[in-house]
Novice: 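Have a look at this one before I ask anything.
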Amino acid sequence: MPQVNMTVNGKSASGQIEGRTLLVEFLRETLGLTGTHVGCDTSQCGACVVHVDGRAVKACTMFAAEAEGAEVLTIESMAAPDGTLNTIQQAFQDHHGLQCGFCTPGMVMSAAALLAENPKPTEAEVRNYLEGNICRCTGYHNIVKAILAASGQDVSAIAAE
């Protein structure tokens, strides 16, 4: 079996893979990073979003071999080493941007990519960017509010749902 080498969350990572091994499988099964979720196996839900070389990708659409030599960030990289939540995670908590939590890792990773590209998005831009992420609990309103709050915008006028 071939070996793959990459940097995951700032640490060197390698493992033996089959050619068909998806990045999400490598992260979860080989590296034990189970925060990246598998929700659909068809790239429709966004629960598996990670960053590869600074770009948000659905890890179920990429073979692990394609990440050879890449810098991969997962949801596990978002909080500080002492467990302190980052700004986006804290905003999700403060504004009830999570319900069951299954979609949350992918939403947070997508939000981080959006805010890196567009530090002060409008509500419409947030909703458009999250089009590839599904929340089955229908928490979109509060997810959007949390992302706007994480961008430093005043969300006090947005009603809670």
Side-chain angles (χ1 to χ4, degrees), residues 6-11 13 22-29 31-62 67 70-161:
M6 62 187 78
T7 302
V8 179
N9 301 333
K11 298 176 184 169
L22 296 172
L23 180 57
V24 69
E25 295 169 328
F26 179 74
L27 295 170
R28 290 180 58 80
E29 297 167 19
L31 301 182
L33 297 171
T34 58
T36 302
H37 293 161
V38 179
C40 66
D41 284 330
T42 59
S43 77
Q44 302 298 310
C45 75
C48 66
V49 172
V50 297
H51 296 180
V52 178
D53 290 334
R55 191 173 54 97
V57 299
K58 292 180 180 177
C60 75
T61 65
M62 183 177 192
E71 171 74 33
V72 179
L73 296 176
T74 70
I75 189 66
E76 287 89 351
S77 73
M78 298 302 281
D82 70 357
T84 303
L85 300 178
N86 79 358
T87 303
I88 297 167
Q89 292 170 308
Q90 190 63 55
F92 267 68
Q93 182 176 348
D94 293 345
H95 297 281
H96 310 290
L98 55 103
Q99 288 181 37
C100 81
F102 192 82
C103 72
T104 305
M107 291 286 188
V108 168
M109 296 305 288
S110 291
L114 167 62
L115 296 178
E117 290 175 23
N118 182 355
K120 296 285 185 199
T122 64
E123 181 178 342
E125 289 169 329
V126 172
R127 289 183 183 278
N128 184 55
Y129 198 90
L130 293 180
E131 198 169 83
N133 294 73
I134 295 174
C135 172
R136 289 176 174 89
C137 299
T138 67
Y140 290 111
H141 180 77
N142 290 338
I143 290 168
V144 171
K145 185 176 180 180
I147 294 169
L148 291 171
S151 75
Q153 298 182 61
D154 180 15
V155 294
S156 61
I158 300 174
E161 284 192 14

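Note that the numbering runs from 1 along the sequence shown for the chain.
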Novice: Which heavy-atom pair separates Cys60 from Val24 by the least distance, and what is that distance?
Specialist: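 Cys60 and Val24 have their closest heavy atoms at CA-CG1, 3.9 Å.
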
Novice: What heavy-atom pair brings Lys58 and Val49 nearest, and what distance separates the two atoms?
Specialist: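 Lys58 and Val49 have their closest heavy atoms at CG-CG2, 4.1 Å.
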
Novice: Using side-chain contact (heavy atoms from CB on, under 4.5 Å), reason through Leu130 and Ile147 one step at a time and then give a plain yes or no.
Specialist: CA-CA 10 Å; Leu130 293 180; Ile147 294 169; 3.6 Å; yes

Novice: Find out whether Leu98 and Met107 are in side-chain contact, i.e. whether some heavy atom of one side chain is under 4.5 Å from a heavy atom of the other.
Specialist: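 Side-chain contact under 4.5 Å: no.
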
Novice: Kindly give the heavy-atom pair with the smallest separation between Thr7 and Glu71, and that separation in Å.
Specialist: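 That would be CG2-OE1, 3.2 Å.
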
Novice: Is a side-chain N or O of Gln90 found less than 3.5 angstrom from the main chain of Thr87, in a donor-acceptor match?
Specialist: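 Judged by distance alone, no pair lies under 3.5 Å.
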
Novice: Is the shortest side-chain heavy-atom distance between Gln99 and Arg136 below 4.5 Å?
Specialist: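 With C-beta onward as the side chain, the pair stays apart.
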
Novice: Look up atom CD1 in Ile88 and atom OG1 in Thr104, then write down how far apart they are to the nearest 0.5 Å.
Specialist: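 Here the interatomic distance stands at 12.5 Å.
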
Novice: Please tell me whether Glu76 and Thr74 have a donor and an acceptor in their side chains that are separated by less than 3.5 angstrom.
Specialist: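 Distance-only check passes for Glu76 and Thr74.
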
Novice: In Å and rounded to the nearest 0.5 Å, what is the CG to CD distance from Asn118 to Glu125?
Specialist: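 Asn118 atom CG to Glu125 atom CD measures 4.5 Å (nearest 0.5 Å).
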
Novice: Which distance, rounded to the nearest 0.5 Å, do you find between the CZ of Phe92 and the CD1 of Ile143?
Specialist: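 So the CZ of Phe92 and the CD1 of Ile143 are separated by 5.5 Å.
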
Novice: Could you check if a side-chain atom of Met6 sits within less than 4.5 angstrom of a side-chain atom of Leu23, using non-hydrogen atoms only?
Specialist: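 When only atoms from C-beta onward are counted, Leu23 and Met6 do touch, with a gap below 4.5 Å.
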
Novice: I'd like to check Leu22 versus Val38 (side-chain heavy atoms, cut-off strictly below 4.5 Å). Are they in contact?
Specialist: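 No, every pair of side-chain atoms sits at 4.5 Å or beyond.
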
Novice: If you look at every heavy atom in Gly101 and His37, which pair is closest and at what distance?
Specialist: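 The answer is O-CE1, 4.1 Å.
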
Novice: Before you tell me yes or no, could you show the steps for Asn142 and His95 under side-chain contact (heavy atoms from CB on, under 4.5 Å), namely the whole-Å CA-CA distance, both residues' side-chain angles and the distance that decides it to 0.1 Å?
Specialist: CA-CA 6 Å; Asn142 290 338; His95 297 281; 5.5 Å; no

Novice: Return the CE to CG distance between Met109 and Leu114, rounded to the nearest 0.5 Å.
Specialist: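 Atom-to-atom, Met109:CE and Leu114:CG are 13.0 Å apart.
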
Novice: Could you walk me through whether Asn9 and Leu73 pass side-chain contact (heavy atoms from CB on, under 4.5 Å), step by step?
Specialist: CA-CA 5 Å; Asn9 301 333; Leu73 296 176; 4.0 Å; yes

Novice: Above 12 or not: heavy atoms from other molecules or residues under 6.0 Å from NZ of Lys120?
Specialist: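 More than 12 heavy atoms, drawn from other residues, nucleotides or ligands, come within 6.0 Å of this atom.
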
Novice: Shortest non-hydrogen contact from Ala70 to Val52?
Specialist: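 The pair with the smallest heavy-atom distance is CB-CG1, 3.8 Å.
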
Novice: Could you pull out the closest heavy-atom pair between Thr36 and Ala59, with the gap in Å?
Specialist: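 Nearest heavy atoms, Thr36 then Ala59: CG2-CB, 4.5 Å.
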
Novice: Kindly indicate whether the side chain of Ile134, heavy atoms from C-beta on, has any atom under 4.5 Å from the side chain of Tyr140.
Specialist: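 Yes; the side chains approach each other to less than 4.5 Å.
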
Novice: Just by modelled atom types, is the Pro121 backbone N or O under 3.5 Å from a matching donor or acceptor in the Gln153 side chain?
Specialist: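 Such a contact is found between Gln153 side chain and Pro121 backbone.
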
